[in-house]
Every structure is written in C-alpha cells, then in structure tokens.
Amino acid sequence: MWKRFTRLISSMFGGAISAMEDPKLILEQNIRELNDQVPKMNENIATVKANVMLLQKEHRKYTNEQTSLTSKIKAAINAGRDDIAQRYAVQLQGIKEAQARTGEQLQFAEQAYEKSLQVKKAFMREREKKINEAREALRAHERAKWQAKIADTLEQFEVAGVDATHQEMIGRVNEQSAKNEARMEMALDSIDTEAMQIEEDAQELEGAELVRQFKLEMGMSEPAATESAARPQVQIPDEAATIGRGSVERDRTRTE
C-alpha cells in the first residue's frame with residue numbers, strides 16, 4: 001500500500017517537475033557545472049601531488065640520516081667505543097624501518113597521482129564531448145524557435161482567399177487582353193490594306209518618274225529608246241537661243 005502511495009506521489013510531482021523544466025536552461029547549467037568541476041579536480045590533484053612531494057622529501061631525509069649514522073657508527077668502532085656504536089646502530093635500524101614504510105607510502109602516493117592524472121584526462125575528454133553536445137543542442141533549440149516563429153507567421157496568412165482573388169484577377173486581365181486583341185484584329189480587317197498598298201506603290205512610281213525626268217534635264221542619264229518613242233520629252237528652252245531669235249525678229253521688222 002505504501003509503495004503504491006509513494007509511486008502516486010512520485011508520478012504527480014515528477015510530471016509537474018518535467019512540465020516546469022526548461023531544456024535550454026538545464027543544458028546551460030550543465031555546462032557551468034562541468035566547467036566548475038575542473039578547478040575542483042585540479043585542487044584534488046594538487047593535494048595528491050603535494051602528498052607525493054612530502055613523502056619524497058621524507059624519504060630523502062631518511063636516506064641522509066642513514067648515511068650520517070653509518071659514518072658515526074664506523075667512527076665509534078674505529079675509536080673503540082662500541083657502546084656508542086651500538087646506540088647509533090639501533091637508531092639506524094629504526095630509520096631504515098621508517099624509510100621502508102615511507103617508501104611504500106610514496107609508491108602508493110605516486111600511483112594515486114598517476115591515476116588522478118588519467119582520471120582528469122578522461123574527465124576532460126568527456127567534459128568536452130558533453131559541452132559540444134549541449135552547445136549543438138542549444139543551437140538546434142534556437143533554430144527550432146525561429147522555425148516555430150516562421151511557421152506561426154505562415155499559418156496566419158489567408159492562403160485560400162489570396163489564391164482565389166489572385167486567380168480571379170488574372171482571369172480578368174487575360175479576358176481584357178483577349179478583347180483588346182480581338183478589337184485590333186477586327187479593325188485591321190475593316191481596312192482595305194490592298195488599296196492602301198497599291199496607292200503607296202503608285203506614289204513610289206510617280207516619285208521615281210519625276211526623279212528620272214530631272215536626271216534627263218540635268219544630262220545625268222540617257223532616256224531609254226522605248227520610253228523616248230512612247231512618251232514626249234519635256235524640252236526646256238535654252239536661254240541663249242531664245243535671246244538670239246528675238247534679236248533677228250526685231251531686225252527684220254525694222255528693215256520692212
């Protein structure tokens with residue numbers, strides 16, 4: 001009974017929480033948390049590295065003490081002071097044991113440091129992957145928002161009404177154009193184009209004839225034999241000959 005009640009409560013609150021969740025905000029928070037974990041990880045690695053350095057320093061100190069005690073033991077033996085050499089020997093034995101324990105701790109500390117570096121390397125790869133995925137999802141989210149706005153804008157258009165009006169206006173324009181073309185064809189049919197062409201050709205022939213006569217008068221061309229026999233030529237009297245004939249007639253009148 002209790003399990004059913006807890007499951008009911010979880011479903012109610014879980015649905016409410018899911019409804020309130022904003023994926024964009026959550027992904028941005030995940031990116032911040034991933035970036036915040038880097039300094040913490042570096043701090044932990046620095047702590048492990050400091051432990052390694054302390055153990056290394058302690059191990060070197062025991063090594064120096066062993067060297068110093070060994071020299072003292074040898075000096076005491078040479079001086080015949082075995083009692084002093086024995087005390088130094090006991091101290092040397094304790095330092096060797098401490099150095100052995102420090103060596104073991106140092107080995108474990110170095111292994112822990114190497115392991116922490118590997119963990120950091122794997123974490124940085126995973127962090128970079130997750131950040132890239134989150135940023136790509138955020139960009140897709142922004143694109144989706146713009147697409148939704150465009151879709152909303154397009155849905156607000158009255159496409160059917162616009163299409164109906166559009167087609168109606170095109171039909172009217174085409175109908176008016178057809179009527180104007182028909183009127184033009186009827187107007188052209190009502191005009192005697194052949195008579196107009198004949199009149200135009202006659203004007204061209206008349207003009208050509210006038211030009212030919214002017215050329216004959218100016219002595220620029222010879223008349224054709226057939227044309228000279230068929231048509232009388234227009235003679236323009238010479239001014240000098242006219243004056244000569246007038247003088248002869250006047251002299252004849254005076255003599256009579």
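Among residues two or more places apart in sequence or in another chain, the side-chain contact (heavy atoms from CB on, under 4.5 Å) test is passed with Gln66 by Leu92, Ile95, Lys96, Gln99. Judged as a side chain to side chain donor-acceptor pair (under 3.5 Å), and not counting sequence neighbours, the contacts of Asn42 are Lys120. Applying the side chain to side chain donor-acceptor pair (under 3.5 Å) criterion to Asn35, with sequence neighbours excluded, gives Arg127. For Thr67, the side-chain contact (heavy atoms from CB on, under 4.5 Å) test picks out no residue, with sequence neighbours left out. Arg81 meets the salt bridge (Lys or Arg N to Asp or Glu O under 4.0 Å) test with Asp83; sequence neighbours excluded.
Legend: salt bridge (Lys or Arg N to Asp or Glu O under 4.0 Å) pairs involving residues 50-73, not counting sequence neighbours: none detected.
Between Arg139 and Glu142 there is no salt bridge, since no side-chain nitrogen of the basic residue lies less than 4.0 Å from a carboxylate oxygen of the acidic one. Using a 4.0 Å cut-off between a side-chain N of Lys or Arg and a carboxylate O of Asp or Glu, Glu136 and Lys130 do not qualify as a salt bridge.
Closest approach of His59 to Thr102, counting heavy atoms only: N-CG2, 3.9 Å. Closest non-hydrogen pair, Val52 versus Ala109, comes out as CG2-O, 3.3 Å. The nearest pair of heavy atoms linking Ala85 to Ile73 is O-CG1, 3.8 Å.
Within 6.0 Å of CZ on Phe123 lie more than 12 heavy atoms contributed by other residues, nucleotides or ligands. Residue-environment remark: CD (Glu33) exceeds the threshold of 12 foreign heavy atoms within 6.0 Å. Around the CD atom of Glu204, the shell of radius 6.0 Å holds more than 12 heavy atoms that belong to other residues, nucleotides or ligands.
How far CD1 of Ile31 is from CD of Gln29: 10.0 Å, rounded to the nearest 0.5 Å.
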